[in-house]
Amino acid sequence: MFDLKLIRENPDGFDAGLARRGLGPRAAEILAFDEQARKFTHSLNELQARRNASSKEIGQAKAKGDEDRFNALRAEVETIKQEIPAEEEGRERAMSAVNDILSGVPNIPDDDVPAGEDEDANVEIRRWGEPAKLDGAKEHFDLGEALGQMDFETAVKMSGSRFVLLKGQLARLERALASFMLDLHTNEFGYTECQPPLLVKDETLYGTGQLPKFAEDQFVTTADLTLIPTAEVSLTNIVREEILSAEALPLRFTAWTPCFRSEAGSAGRDTRGMIRLHQFSKVELVSITTPDQSNAEHERMTECAEEILKRLELPYRTMVLCTGDMGFSARKTYDIEVWLPGQDRYREISSCSNCGDFQARRMNTRFRGEGEKHTSFVNTLNGSGLAVGRTLVALLENYQQPDGSIAVPAVLQPYMGGAEKIEALT
RNA sequence: GGAGACGUGGCCGAGUGGUCGAAGGCGCUCCCCUGCUAAGGGAGUAUACCCCAAAAGGGUAUCGAGGGUUCGAAUCCCUUCGUCUCCGCCA
């Protein structure tokens with residue numbers, strides 16, 4: 001969502017920003033409706049002022065027992081009242097026209113975001129670890145199925161495609177990874193652990209930008225509540241409609257939750273294995289900051305996510321997404337891609353975005369500096385720290401042994417009951 | 001799920017049709033007084049939008065939300081959301 005004042009002041013700048021997203025200009029159209037709305041608001045305010053003034057006089061006239069004056073004023077108010085609905089409707093129409101356009105417009109990219117159409121234009125900014133070139137490296141689903149602990153068939157039986165049933169040590173590995181991640185983020189990086197609702201209202205999804213544009217990507221229940229596609233939704237909306245004090249910022253929240261995505265439009269992509277599921281678990285990071293802190297917080301958050309991979313000794317590279325590959329609400333996004341020997345390529349395992357005040361405007365989340373009279377919108381950031389399912393995939397592929405077992409990285413062993421490797425069920 | 005009560009400013013709380021954006025208290029800010037401390041006095045203290053070059057000033061809306069009645073609604077009616085109490089059920 002955008003500041004209408006800024007669009008008024010600099011319509012060309014707004015359109016230029018849209019152009020970087022590959023979108024056509026909208027400023028002229030928006031401002032035309034905006035001007036209409038303002039005109040209606042103005043005349044409506046004047047009518048209401050006259051009505052209010054006369055109504056007050058009516059009270060006084062009645063108190064004095066001045067019947068003629070009383071009746072004259074009543075007639076006057078009556079005519080004013082007849083004019084009001086038309087103004088209200090006009091304003092409503094114009095305002096919702098502005099809103100309809102604005103709520104479907106994505107965030108404007110930061111100046112330093114590289115231009116480009118798709119993921120091929122993303123720019124690598126750093127790389128950590130040595131990508132393993134294993135002879136005969138297997139993909140995670142072959143490894144998991146051979147271990148007898150990653151069961152797609154049974155999942156299909158009960159839920160259909162894009163689900164998985166983990167069992168035994170792989171089920172535990174999922175839990176171990178999540179615990180490890182949460183411990184790091186809470187103990188070392190100052191995030192507050194949360195257990196948020198997984199079902200949310202439409203307004204909540206609107207706040208973070210999933211609605212109105214991406215309704216098809218969500219699983220909606222019969223109770224009109226929607227399963228969260230990411231804990232970003234719940235964690236960011238913690239501050240919805242709040243006015244925070246600047247001293248309280250930054251706020252940092254983390255949560256391990258299941259995420260539900262319909263994956264509409266990705267038919268045929270990553271159909272095998274655990275890469276793209278309707279349900280997966282993720283440890284999410286969310287920060288609420290002042291505008292001047294948000295860029296630094298973005299770097300920090302990305303490093304928090306990277307630190308997980310370092311400690312698990314999984315090679316990765318960090319990319320800046322180009323203008324064409326960024327999500328709807330993001331102003332700038334870093335993707336962290338982990339090395340998968342089985343696929344012989346890097347795959348996204350985390351996405352860290354600075355949304356600026358885009359979501360804050362939708363949520364109406366503001367802060368007030370000390371001694372300040374006026375409020376400003378906060379900035380919001382979110383990142384995966386990390387996608388747990390994909391981390392499990394990376395672990396299997398990078399730690400696979402010739403005998404089909406999986407070595408357990410040292411930092412994870414305490415979370416695995418001391419196990420040093422994962423072996424087939426006997 | 002059944003019965004009842006309630007939702008007012010940062011907090012508490014008054015207000016049952018007009019002069020109420022809202023008494024009073026607490027908290028907070030500023031000033032004054034007081035030889036520390038304690039106490040006391042005064043002023044200020046919601047959000048958004050609009051008018052105004054700006055300030056001053058003014059206007060509109062908001063008393064959970066939405067709608068209605070009325071010349072006029074925090075106050076009456078309807079719907080809805082939420083909270084509390086009792087009962088039932090339940091992890």
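Every chain is numbered from 1 and lettered A, B, ... according to where its sequence line falls, protein lines coming before strand lines.
Each of A:Ile58 and A:Thr375 was matched to the nucleotide of RNA chain B holding its nearest heavy atom; the match closer to the 5' end belongs to A:Thr375. Nearest-nucleotide assignment on RNA chain B puts the 5′-proximal partner with A:Lys56, out of A:Lys56 and A:Arg74.
For A:Asp183, the side chain to side chain donor-acceptor pair (under 3.5 Å) partners two or more places apart in sequence, or in a different chain, are A:Tyr415.
Look at the P atom in both B:C31 and B:U37: the space between them is 16 Å, to the nearest Å. Taking atom C1' in both B:G66 and B:G57, the straight-line distance is 34 Å, to the nearest Å. For the C1' atoms, the distance linking B:U16 with B:G1 amounts to 33 Å, nearest Å. Distance check on atom C1': B:U60 versus B:U45 gives 22 Å, rounded to whole Å. Taking atom P on both nucleotides, B:A5 is separated from B:U19 by 29 Å, rounded to a whole Å. Taking atom P in both B:U47 and B:C36, one finds a spacing of 36 Å when rounded to whole Å. Across B:A48 and B:G9, the matching C1' atoms stand 15 Å from one another, rounded to whole Å. Between B:A46 and B:G21, the two P atoms lie 15 Å apart (nearest whole Å).
Chain A approaches RNA chain B within less than 4.0 angstrom (heavy atoms of the protein), and the contacting nucleotides run 5' to 3' from B:G18 to B:G72.
Evaluation of the side chain to side chain donor-acceptor pair (under 3.5 Å) test over residues 189-201 of chain A, restricted to residues two or more places apart or in two chains, returns none. Judged as a side chain to side chain donor-acceptor pair (under 3.5 Å), the pairs with a partner in residues 218-240 of chain A (not counting sequence neighbours) are, in order, A:Thr230-A:Lys282, A:Glu232-A:Gln359, A:Glu232-A:Asn382.
Taking a pair to require two hydrogen-bonding distances under 3.5 Å in either a Watson-Crick or a G-U wobble arrangement, B:G82 pairs with B:C6. Pairing for B:G35 is absent, with no Watson-Crick or G-U wobble pair whose two atom distances lie under 3.5 Å. With a cut-off of 3.5 Å on both Watson-Crick or G-U wobble distances, the partner of B:A55 is given as none. Across all strands shown, B:A61 forms a Watson-Crick or G-U wobble pair, both distances under 3.5 Å, with B:U47. With a cut-off of 3.5 Å on both Watson-Crick or G-U wobble distances, the partner of B:G24 is given as B:C12. The partner of B:C90, taking Watson-Crick or G-U wobble pairs whose two distances both stay under 3.5 Å, does not exist in any strand shown. Pairing for B:U69 is absent, with no Watson-Crick or G-U wobble pair whose two atom distances lie under 3.5 Å.
Between A:Thr391 and A:Val338 the shortest side-chain heavy-atom distance does not fall below 4.5 Å. Contact annotation: the side chain of A:Asp217 never approaches that of A:Pro229 to less than 4.5 Å [non-hydrogen atoms, C-beta and beyond]. Taking the side chain as every heavy atom from C-beta outward, A:Arg331 and A:Ser294 approach each other to under 4.5 Å. Side-chain contact check for A:Leu166 versus A:Met274: some heavy-atom pair is nearer than 4.5 Å. Side chains of A:Pro409 and A:Glu313 form no contact here, defined as non-hydrogen atoms less than 4.5 Å apart.
Put simply, OG1 on A:Thr380 and CD1 on A:Ile238 are 12.5 Å apart, with the number rounded to the nearest 0.5 Å.
Between A:Phe328 and A:Phe214, the distance separating the two ring centers is shorter than 6.0 angstrom. Taking the centre of each ring, A:Phe2 and A:Phe358 come in below the 6.0 Å mark.
Residues from residues 92-103 of chain A with heavy atoms under 4.0 angstrom of RNA chain B: there are none. Of the residues in residues 37-50 of chain A, A:Arg38, A:His42, A:Asn45, A:Gln48, A:Ala49 come within less than 4.0 Å of RNA chain B through at least one heavy atom, sorted by number.
Looking at heavy-atom distances under 4.0 Å, A:Leu73 makes no contact with the nucleic acid at all.
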*Start with the C-alpha gap between A:Arg311 and A:Glu307, add the side-chain angles, then the distance that decides, and say whether side chain to side chain contact (heavy atoms under 4.5 Å, CB included) holds.*
CA-CA 6 Å; A:Arg311 300 213 186 176; A:Glu307 186 62 26; 2.8 Å; yes
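Side chains of A:Thr289 and A:Glu297: a donor-acceptor N/O pair is absent below 3.5 angstrom, by distance only.
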